[in-house]
Amino acid sequence: TVADCSTLLTAGASATGLWWIEGDCDMNGGTVGSRSDPVIIVTEGDLRFAGGVHVWGLVYGLDRPYGTNTFQNAGTVYMHGALVFEGNMNNSGGTFNAMYDPTVFDALFTSDTFNRFGAISGSWFDAL
């Protein structure tokens, strides 16, 4: 859990695992995660992508209980995986490239980083 995406951007391509962002997430340029070691980013605040940023993995934007989050895209953005956002989508003159990559999704299910997230024995999802 971190306050914003600055730590995530500093980690860059070596970032992997689950990142919970308690505030806004601003990414201007750079690469987060990789094809073989993707990230899962959950953000409670606004999400702003710009400047040719590459994100490898899954990004989920939670809707705030006290207002609506906004996703803003400016410049060219490359999402290698998926973006799920519960708020307003605002494309302010940029190009959002959503690219399905089965290797990224396979890594989310088979990576040692994520293998601790799964069905809990005796839970409603115990069918796996």
Side-chain angles (χ1 to χ4, degrees):
T1 302
V2 293
D4 56 40
C5 283
S6 59
T7 305
L8 184 61
L9 283 170
T10 300
S14 64
T16 190
L18 175 63
W19 292 77
W20 193 283
I21 313 300
E22 293 179 324
D24 293 342
C25 183
D26 296 318
M27 292 189 198
N28 190 354
T31 298
V32 175
S34 68
R35 190 172 197 214
S36 59
D37 291 313
V39 295
I40 296 176
I41 301 169
V42 179
T43 180
E44 296 179 22
D46 292 336
L47 183 59
R48 291 180 284 275
F49 286 164
V53 66
H54 286 259
V55 179
W56 296 85
L58 173 66
V59 177
Y60 184 77
L62 291 171
D63 196 14
R64 294 181 187 178
Y66 53 85
T68 303
N69 287 3
T70 299
F71 170 76
Q72 185 175 3
N73 174 51
T76 303
V77 175
Y78 302 92
M79 183 71 231
H80 308 271
L83 169 71
V84 179
F85 200 77
E86 294 181 347
N88 293 326
M89 304 292 280
N90 179 11
N91 185 340
S92 57
T95 302
F96 184 80
N97 298 291
M99 296 170 278
Y100 173 76
D101 188 334
T103 303
V104 171
F105 289 103
D106 287 344
L108 290 172
F109 289 106
T110 61
S111 167
D112 288 341
T113 303
F114 296 105
N115 69 5
R116 62 186 172 166
F117 304 112
I120 298 171
S121 181
S123 72
W124 66 273
F125 203 75
D126 197 21
L128 294 177

Of the non-hydrogen atoms in [X] and [Y], which two are nearest, and what is the gap between them?
X	Y	value
G52	Y78	O-CD1, 4.2 Å
V39	L108	O-CD2, 4.2 Å
D4	S6	OD1-OG, 2.6 Å
C25	T43	CB-OG1, 4.0 Å
G57	P38	CA-CB, 3.8 Å

Could you see if [X] belongs to whatever hydrophobic cluster contains [Y]? Use Ile, Leu, Val, Met, Phe, Trp, Tyr and a side-chain cutoff under 4.5 Å.
X	Y	result
Y100	L58	yes
V55	F85	yes
M79	L9	yes

For the residue pair [X] and [Y], establish whether any side-chain heavy-atom pair is separated by less than 4.5 Å.
X	Y	result
M27	L8	yes
V32	W19	no
V42	L62	yes
Q72	D46	no
E86	N69	no

Handout entry: CA sep, side-chain torsions, deciding dist, call: I21, V2, side chain to side chain contact (heavy atoms under 4.5 Å, CB included)
Key = CA-CA 5 Å; I21 313 300; V2 293; 3.4 Å; yes

Exercise for the section: Quickly, which of V59, I41, T70, D26 forms a side chain to side chain contact (heavy atoms under 4.5 Å, CB included) with L47? Name it, please. Expected result: V59

Exercise for the section: Please test W56 against T31 for side chain to side chain contact (heavy atoms under 4.5 Å, CB included), starting from the C-alpha separation and ending with a verdict. Expected result: CA-CA 8 Å; W56 296 85; T31 298; 3.8 Å; yes

Exercise for the section: Take T76 and N97, measure what side chain to side chain contact (heavy atoms under 4.5 Å, CB included) needs, and give me the verdict at the end. Expected result: CA-CA 8 Å; T76 303; N97 298 291; 3.4 Å; yes

Problem - Whether F49 and F71 hold their rings parallel, tilted or perpendicular, with breakpoints at 30° and 60° - result: perpendicular

Practice task
List the steps and the verdict of side chain to side chain contact (heavy atoms under 4.5 Å, CB included) for L83 and M89.
Solution key: CA-CA 11 Å; L83 169 71; M89 304 292 280; 4.0 Å; yes

Problem - From R35 atom CZ to T103 atom OG1, the distance as rounded to the nearest 0.5 Å - result: 3.5 Å

Practice task
Look up atom CD in E22 and atom CD in E44, then write down how far apart they are to the nearest 0.5 Å.
Solution key: 5.5 Å

